[in-house]
Amino acid sequence: MAHTSYKVGVLVAQLGTPQAPTAAALRPYLREFLPAPRVVDLNPLKWYPILYGIVLTFRPRRSAALYAKVWTEEGSPLLLYSKAQTSGLQERLGDAYEVILGMRYGEPSIDAAMRQFAEQGIERILVFPMYPQFSCSTTGSIYDAVNRAAMGRRCPWFFDRKRAMPTLRFVPPYYDHPAYIDALAARVRESRDQIKWQPDCHLITFHGIPQRYVDEGDPYRSHCEETARLLANALELPDEDWKLCFQSRFGRETWLQPYTDETLEAFGEKGVKNLLATCPGFTSDCLETIDEIGREGLEEFTDGGGEQFHLSPCLNDHPMWMDAMAQIAHEETVGWVGNS
């Protein structure tokens, strides 16, 4: 049994990424990701035949081709930035904390991170989801994975007889946290300083979810709207100079609108020739930002008559975001580490 440590554990919880941009690596990743009921909550009798008969047969190769476009010599951008965030947060929090990265899907996994905490005797853990806006499909899935890893499976047929369990705290949605908004605004201002033209409009795009989720109580849309409003205020943008929309939809179900791709295609007809885009819902650049907006979005914008397009990077390991993460972690561990 590991000795008890007085350190506080901090789990930097991300969605995940495949191990390589190949169909062989995408297949197990998608097999873990797509059956998750938080991600696709269709009736398994309807969804699984489609998933295992069609999606997992054809999608791994198509997805691998997309990942290959964003892959770096060091690996997945999301994994690289997530590791940098973990290191940056550890540096700022100091020796009283142990910061470990865990992915909901793929490696390094949340299960592995929780085992590391247990092996070090760390009994108090702060879970820090890398999703500022809450959704059942993202933050909710983190809660599921962490609780299962910490407490064990608890159904009659798969009961883990865990005798020691940590105390958990979860960072609440920080979509309106001043330090997060300040970091976002600084990132966009830096991007504007890098371009030689003046944006006609700022596109603020978030990952979408089915409209049905919001109708059933998911607060995601309201969180995104508040983040966009606060960011626009911080940038001193008039209402007519920014646009909120939602990307990454798939399937036939209605998703949150307005859709990013349709918005990009229509900008030209509305006189928007110079566009700056930002993705505040992603704390790390990834396939959905670099390729979907940076490449596909650029094509959609120019095909619709747009001219100048610039994608502002995500927060990644920007110093202001690292400071914001440390501030949030201190706020959420009051009473655990001195008077911080």
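Note that the structure is predicted; figures quoted are calculated from it, not measured.
P129 and I142 get closest at one heavy-atom pair: CG-CG2, 4.4 Å. Summarising the geometry of C245 relative to L203, their closest heavy-atom pair is SG-CD1, 3.1 Å, with the distance given to 0.1 Å. G88 approaches M322 most closely through the heavy-atom pair CA-SD, 3.8 Å.
Follow the hydrophobic side-chain contacts under 4.5 Å out from Y175 and you never reach L244; the two are in separate clusters. Tracing side-chain contacts under 4.5 Å through hydrophobic residues (I, L, V, M, F, W, Y), one reaches M103 starting from M325; they form part of the same cluster. Follow the hydrophobic side-chain contacts under 4.5 Å out from Y259 and you never reach V272; the two are in separate clusters. One hydrophobic cluster, built from ILVMFWY side chains closer than 4.5 Å, cannot hold both W197 and L298; they sit in different ones. Residues L275 and I195 are members of separate hydrophobic clusters, defined by side-chain heavy-atom contacts under 4.5 angstrom among Ile, Leu, Val, Met, Phe, Trp and Tyr.
In this structure, L126 CG and R169 CZ are separated by 8.0 Å, a value rounded to the nearest 0.5 Å. The CG atom of L101 sits 8.0 Å away from atom NZ of K83, with the distance rounded to the nearest 0.5 Å. Here the CD1-OG1 distance, from I328 to T333, works out to 11.5 Å after rounding to the nearest 0.5 Å.
Formation of a donor-acceptor pair under 3.5 Å by the K273 side chain with backbone atoms of Q308 is not found in this model. No donor-acceptor distance shorter than 3.5 angstrom exists from the side chain of D285 to the backbone of P313, with no hydrogens or angles considered. Of the possible donor and acceptor atoms, none in the side chain of N274 sits under 3.5 Å from a partner among the backbone N and O of D200. Judged purely by atom type and a 3.5 angstrom limit, R61 has no side-chain atom pairing as donor or acceptor with the backbone of L26. Here the side chain of R187 pairs no donor or acceptor atom with the backbone of H318 at under 3.5 angstrom. A donor-acceptor pair under 3.5 Å links the side-chain atoms of S82 to the main chain of L78, judged by distance alone. Side-chain atoms of T289 come within 3.5 Å of backbone atoms of C286 as a donor-acceptor pair (strictly under, hydrogens ignored). Using modelled atom types, one side-chain atom of E107 and one backbone atom of S109 make a donor-acceptor pair closer than 3.5 Å.
For the residue pair E190/Q194, the side-chain donor-acceptor check at 3.5 Å is not satisfied. The closest side-chain donor-acceptor pair between Y220 and S137, if any, does not fall under 3.5 angstrom. In summary, the side chains of S248 and E288 do not present any donor paired with an acceptor at a separation below 3.5 Å, with no hydrogens or angles considered.
Here the side chains of C279 and F206 are not in contact, with every heavy-atom distance at 4.5 Å or above.
Under the 30°/60° scheme for interplanar angles, the aromatic rings of Y97 and H330 are found to stand perpendicular.
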Worked check of side chain to side chain contact (heavy atoms under 4.5 Å, CB included) between L184 and T227: CA-CA 10 Å; L184 287 177; T227 295; 4.0 Å; yes
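In summary, E225 and R221 engage in a salt bridge, as defined by a charged side-chain N under 4.0 Å from a carboxylate O. Of the charged side-chain nitrogens involved, none lies within less than 4.0 Å of a carboxylate oxygen, so that R104 and D144 do not count as a salt-bridged pair. By the 4.0 Å N-to-carboxylate-O rule, R295 lies close enough to E299 to be salt-bridged with it.
Considering only residues two or more places apart in sequence or on other chains, R31 meets the salt bridge (Lys or Arg N to Asp or Glu O under 4.0 Å) condition with none of them. Evaluation of the side-chain contact (heavy atoms from CB on, under 4.5 Å) rule for L168 yields M114, I125, V146, N147, A150, M151, P166, F170 as partners, not counting sequence neighbours.
A side-chain hydrogen bond (donor to acceptor under 3.5 Å, both in side chains) with R249 is found for one member of T260, D261, T254 and no other, namely D261.
Among residues at least two apart or in separate chains, ring pair (Phe, Tyr, Trp, His ring centres under 6.0 Å) pairs with a member in residues 102-132 are F33-Y105, F128-Y174.
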